[in-house]
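Take a look at the following structure, please.
Both ligands and their constituent atoms are indexed starting at 1 by order of listing. What you see below is based on every heavy atom in this structure, not just the backbone, and it leaves out hydrogens, waters and symmetry mates.
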Amino acid sequence: MRLRNITGSREAIAESPYVVQEALQPECPGTWSKMFGNENPIHIEIGMGKGKFIHTMAREHPGINYVGIEKYSSVLLRALQKMEKEELPNLKFLRMDAEDIVKVFGPGEVDRIYLNFSDPWPKDRHAKRRLPSRQFLERYGQILKQDGQLEFKTDNRELFDFAVEELEPAGWTAQVITYDLHHDEDLMQGNVMTEYEEKFSALGNPIYKYVISAGNQARSKRAFDFT
Ligand code: SAM
């Protein structure tokens with residue numbers, strides 16, 4: 001999703017109290033509980049778009065701290081506008097490329113990661129830019145807690161098949177895989193629809209979802225990198 005450049009969006013983000021401005025400073029990792037002022041679990045959405053999912057999640061789960069991450073200012077601005085209408089103390093935002101995620105969160109600082117309707121990057125040579133790629137899984141493994149989980153939803157079958165194939169080589173284990181989320185009564189409990197999910201399920205597209213946890217490889221890599 002890339003909205004046309006909205007004049008002043010960068011400035012609005014730079015001044016917003018809802019955006020963590022100093023996130024890429026070396027002292028940021030390990031300080032999220034302090035920033036939120038409590039020890040509640042931290043859940044992040046990477047590539048959140050206009051923020052409907054994470055804003056709803058934060059409202060419904062006040063005992064969890066949420067961080068919404070988006071690369072483009074013009075898109076993030078929409079999420080900030082939602083916060084201006086309904087301020088939530090357990091929701092913060094970052095404007096950044098997820099490639100830098102390990103510079104922002106410390107080892108094991110995050111309890112859950114959401115990827116929703118990530119950009120497909122269909123060309124083979126761009127595979128490592130896909131957010132569920134093994135290169136990104138390796139980064140996620142560094143910031144997730146030992147028993148942390150990652151949830152991924154999409155209506156793009158090629159991207160989903162790719163994401164499932166990436167799990168084993170990256171050392172992750174699938175806990176749940178569905179090829180028709182919206183017809184699974186159990187998995188639909190508590191499901192919060194994203195903007196893209198509303199749009200594509202209304203067209204009749206099935207929604208694919210997995211829930212995975214970091215396996216031994218990711219853990220030993222983490223131990224190797226940070227101990
Ligand atoms: N998650 C939302 C939803 O389901 O409605 C938006 C989906 S949209 C297709 C993907 C979003 O991910 C876009 O807003 C895009 O700018 C963002 N994005 C893609 N790659 C990213 C990256 N490397 N870091 C941060 N955001 C990224």
Side-chain angles (χ1 to χ4, degrees), residues 1-6 9-10 12-13 18-21 23-24 28 43-60 66-83 91-105 110 112-123 125-143 150-160 162-163 166 178 181-182 187-188 190-203 205-211:
M1 181 194 312
R2 187 162 188 184
L3 300 184
R4 300 232 165 273
N5 258 350
I6 297 177
S9 58
R10 273 188 177 265
I13 286 160
Y18 310 125
V19 178
V20 178
Q21 309 288 350
L24 280 165
C28 181
H43 293 188
I44 70 177
E45 184 188 9
I46 300 180
M48 66 158 182
K50 299 180 198 168
K52 174 180 179 288
F53 171 84
I54 201 156
H55 198 274
T56 309
M57 292 292 278
R59 181 196 307 123
E60 290 185 359
Y66 289 90
V67 183
I69 297 168
E70 171 54 49
K71 188 155 72 167
Y72 293 112
S73 306
S74 48
V75 186
L76 172 56
L77 191 62
R78 304 298 190 197
L80 299 183
Q81 288 164 348
K82 288 186 180 65
M83 271 290 258
L91 176 58
K92 296 187 186 295
F93 298 100
L94 292 172
R95 192 194 64 77
M96 60 173 282
D97 190 316
E99 281 191 8
D100 289 327
I101 199 85
V102 297
K103 297 182 189 160
V104 169
F105 296 97
V110 173
R112 187 172 301 172
I113 297 175
Y114 293 100
L115 304 177
N116 291 318
F117 295 78
S118 307
D119 292 335
W121 291 103
K123 291 184 182 152
R125 70 172 192 276
H126 291 148
K128 65 174 189 240
R129 295 187 193 171
R130 298 172 193 153
L131 292 179
S133 68
R134 68 188 71 185
Q135 289 83 1
F136 273 101
L137 289 176
E138 200 275 321
R139 297 176 180 118
Y140 305 147
Q142 293 185 36
I143 63 169
L150 184 153
E151 299 194 12
F152 172 49
K153 291 194 278 193
T154 183
D155 71 319
N156 184 312
R157 182 62 188 259
E158 288 75 28
L159 181 65
F160 192 68
F162 165 83
E166 290 292 89
T178 177
L181 172 66
H182 286 197
L187 293 180
M188 278 303 279
N191 184 60
V192 169
M193 297 245 262
T194 77
E195 271 108 356
Y196 272 58
E197 187 171 354
E198 279 187 344
K199 187 168 144 191
F200 291 116
S201 62
L203 296 175
N205 296 4
I207 304 301
Y208 314 114
K209 175 175 178 174
Y210 70 39
V211 180

Side chains of Leu77 and Tyr72: does their closest heavy-atom pair fall under 4.5 Å?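 No. Closest side-chain heavy atoms not under 4.5 Å.
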Between Arg139 and Phe136, is NZ or CZ placed under 6.0 angstrom from the six-membered ring centre and within 45° of the ring axis? yes
In a check of side chain to side chain contact (heavy atoms under 4.5 Å, CB included) between Met48 and each of Leu76, Thr194, Leu115, Val75, which one passes?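 Testing Met48 for a side chain to side chain contact (heavy atoms under 4.5 Å, CB included) against Leu76, Thr194, Leu115, Val75 leaves exactly one candidate, Leu76.
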May I ask whether Asp97 places a heavy atom under 4.0 Å from ligand 1? yes
Distance alone, cut at 3.5 Å: any donor-acceptor contact between the side chains of Glu197 and Asn116?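 Absent: no donor and acceptor within the cut-off.
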Under 4.0 Å from a heavy atom of Gly49: give me the atoms of ligand 1 that qualify, with their elements.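 Per the distance check, 6 (C), 14 (O).
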Tell me whether Tyr72 has any N or O atom under 3.5 angstrom from an N or O of ligand 1. no
Can you label the angle between the His43 ring and the Tyr66 ring as parallel, tilted or perpendicular, going by 30° and 60°?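 Ring orientation of His43 relative to Tyr66: perpendicular.
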Hey, which atoms in ligand 1 end up nearer than 4.0 Å to a heavy atom of Glu45? 1 (N)
Just which atoms of ligand 1 are under 4.0 Å from any heavy atom in Glu195?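 Every atom of ligand 1 under 4.0 Å from some heavy atom of Glu195: 5 (O).
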Considering distance alone, does some N or O of Ala98 sit under 3.5 Å from an N or O of ligand 1? yes
Is there a nitrogen or oxygen of Glu99 sitting under 3.5 Å from a nitrogen or oxygen of ligand 1?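 No; the residue has no nitrogen or oxygen that sits under 3.5 Å from a nitrogen or oxygen of the ligand.
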If you measure only the distance, is there a donor-acceptor pair under 3.5 Å linking the side chains of Lys209 and Asn191?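 Their side chains do not contain a donor-acceptor pair, so the 3.5 Å distance test is not met.
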Does even one non-hydrogen atom of Arg129 get within less than 4.0 Å of ligand 1?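 Distance cut 4.0 Å: Arg129 fails for ligand 1.
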Any N/O of Asn116 closer than 3.5 Å to an N/O of ligand 1?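 It does: an N or O of Asn116 is found under 3.5 Å from an N or O of ligand 1.
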Assess the residue pair Ile101 and Ile44 against the criterion (side-chain contact (heavy atoms from CB on, under 4.5 Å)); give the C-alpha distance rounded to whole Å, side-chain angles, the decisive distance to 0.1 Å, and a yes or no. CA-CA 11 Å; Ile101 199 85; Ile44 70 177; 4.1 Å; yes
Any Met48 heavy atom less than 4.0 Å to ligand 1: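 True for this residue.
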What do the steps show when you test His55 against Arg59 for side-chain contact (heavy atoms from CB on, under 4.5 Å), and what is the final call? CA-CA 6 Å; His55 198 274; Arg59 181 196 307 123; 3.8 Å; yes
What about Gly47: any of its N or O atoms under 3.5 Å from an N or O on ligand 1?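 Among all N and O atoms of Gly47, at least one is under 3.5 Å from an N or O of ligand 1.
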Taking only non-hydrogen atoms of Met96 and a 4.0 Å limit, the atoms of ligand 1 in range are 24 (N), 25 (C)
Show the atoms of ligand 1 that are less than 4.0 angstrom away from any heavy atom in Thr194.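 This gives 3 (C), 4 (O), 5 (O) as the contact atoms.
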So, does Lys52 sit close enough to ligand 1 that a heavy atom of it is under 4.0 Å from the ligand?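 The answer is no, since Lys52 has no heavy atom less than 4.0 Å from ligand 1.
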Identify whether the distance between the nearest side-chain nitrogen and carboxylate oxygen of Glu195 and Lys82 falls below 4.0 Å. yes
Note: ligand 1 atoms sitting under 4.0 Å from heavy atoms of Phe117 are 4 (O), 7 (C), 8 (S), 9 (C), 10 (C)
Roughly how far apart are Lys128 NZ and Glu166 CD, rounded to 0.5 Å? 12.5 Å
